[in-house]
Amino acid sequence: MRVQFVLQEIWIGLRRNMTMTISLVITVAIAMALFGTGLLLREQVRASKSFWYDKIEVSIFLCAKTSSNEACQKQDITEQQRQTLKGQLEKMPQVSNVEYESKQQAYTRFKDNFAGAPGFVESTKEGDIPDSFRVKLKNPEEYKAVAQAMLGQPGVDTVINEQEILKRFFRILNGLQVAALTIALIQVVAAVMLVGNTVRLSAFNRRRETGIMRLVGASNTYIQMPFILEGAIAGLIGGMFASILLMFSKTLLVDRLAGDVQLVSQLGWSTVVAVIVLSICFGVLLCAVASFLTLRRYLRI
């Protein structure tokens, strides 16, 4: 009978405040979807960093007549200069492997990497990318020693560290994550305020019932339970809608990012499921706690 009474009170409260309940569900859904999207972006950044940082290389581009460096425009690098540079690199303690890449090999790799952007490929012709040494480091953080040793050497045009490119790219992803979490925080505050208003209105509409329950000796927990469960159910429904939005975020945002930008590794569905479960639990807990705190202040039970 007690369970039946609590369920009946929950249904009455949700039905009487249908408009505010719908508003609460929508607000919670948006807040949890943005919260989950922020978590997905964080996991995407973390997975991409662990995947790519082990593959970081230092690219040492060699002199060519097409170079923008005036010191390199007189002639291409000679065979003797190339062998001297390779010997110097192989003797450096920071270097684990050195590979030479010719203009033809560089252009072939460029076409493979950007096969999805034919306009970009057509605007580049063979020879635009100069010969280079692709240097694998034992510790990617020690690239400065290699760069300083190579810059200014005869036959060297420029030295590019892929780690700096990745850092700038991941900084953009981190910015997207912070933006999503910031908007989610604003939505969470709005959800808490809506929960408070909904619970206060529901308690006011049922003040006669709660007064009678007090007089007959009902416990505080028994009186509070329908109101708390109303908020929890609204949070649960909002979290379920948020899970649908998160699946769209995975398909339309994260997967598209991984497909269009080759620096990003694919994020598995297991991570998405974990984020969905966390978002739903957070939404239910948020609404239940907000309902409980509002009741303590409003009902003075």
Side-chain heavy atoms under 4.5 angstrom apart, residues restricted to Ile, Leu, Val, Met, Phe, Trp, Tyr: same cluster for [X] and [Y]?
{"X": "I280", "Y": "V273", "value": "no"}
{"X": "V272", "Y": "V277", "value": "no"}
{"X": "L34", "Y": "V178", "value": "no"}
{"X": "L236", "Y": "L285", "value": "yes"}
{"X": "V28", "Y": "F292", "value": "yes"}

Using side chain to side chain contact (heavy atoms under 4.5 Å, CB included) as the criterion, list what pairs up with [X], not counting sequence neighbours.
{"X": "T27", "value": "Q187, A190, A191, L194"}
{"X": "T251", "value": "W269"}
{"X": "L89", "value": "I60, M92, V98, F133, V135, V146, M150"}
{"X": "L39", "value": "F35, R42, V275, L278"}

> Among all residues two or more places apart in sequence or in another chain, which pass the side-chain hydrogen bond (donor to acceptor under 3.5 Å, both in side chains) test with Q88?
Replying inline: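 By the side-chain hydrogen bond (donor to acceptor under 3.5 Å, both in side chains) rule, Q88 matches no residue at all.
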> Within a radius of less than 6.0 Å around NZ of K144, do more than 12 heavy atoms belonging to other residues, nucleotides or ligands occur?
Replying inline: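 Atom NZ in K144 is not crowded, with 12 or fewer foreign heavy atoms closer than 6.0 Å.
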>> Tell me whether F241 at atom CZ has more than 12 heavy atoms from other residues, nucleotides or ligands lying less than 6.0 Å away.
In response: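 No - once you tally the heavy atoms of other residues, nucleotides and ligands closer than 6.0 Å, there are 12 at most.
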Under a 4.5 Å cut-off applied to non-hydrogen side-chain atoms, are [X] and [Y] in contact?
{"X": "L137", "Y": "V95", "result": "yes"}
{"X": "I276", "Y": "M247", "result": "yes"}
{"X": "R134", "Y": "R109", "result": "yes"}
{"X": "I129", "Y": "F61", "result": "yes"}

How far apart are the closest heavy atoms of [X] and [Y], and which atoms are they?
{"X": "A145", "Y": "Q94", "result": "CB-NE2, 3.6 Å"}
{"X": "A242", "Y": "A29", "result": "CB-O, 3.4 Å"}
{"X": "A232", "Y": "C287", "result": "N-CB, 4.2 Å"}
{"X": "S279", "Y": "L246", "result": "OG-CD1, 3.9 Å"}

>> Quick one: does any side-chain atom of S96 pair with a main-chain N or O of K136 as donor and acceptor, under 3.5 Å?
In response: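 Flag set: sc S96 to bb K136 pair under 3.5 Å.
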> Taking the side chain from D131 and the backbone from K103, do they hold a donor-acceptor pair closer than 3.5 Å?
Replying inline: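 Pair found, side chain donor or acceptor close to backbone of K103.
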> With a cutoff of under 4.5 Å between side-chain heavy atoms, which Ile, Leu, Val, Met, Phe, Trp and Tyr residues group with V189?
Replying inline: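 Members other than V189 - counting any ILVMFWY side chain reachable under 4.5 Å - are M193.
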Nearest 0.5 Å, what's the [atom1]-[atom2] distance between [X] and [Y]?
{"X": "C281", "Y": "L286", "atom1": "SG", "atom2": "CG", "result": "12.5 Å"}
{"X": "I186", "Y": "I30", "atom1": "CD1", "atom2": "CD1", "result": "12.5 Å"}
{"X": "K86", "Y": "E99", "atom1": "NZ", "atom2": "CD", "result": "9.0 Å"}

>> Run the side chain to side chain contact (heavy atoms under 4.5 Å, CB included) test on L62 and Y100 for me, step by step, so that the C-alpha distance in whole Å, both residues' side-chain angles and the decisive distance to 0.1 Å come before the verdict.
In response: CA-CA 10 Å; L62 308 178; Y100 170 72; 4.1 Å; yes
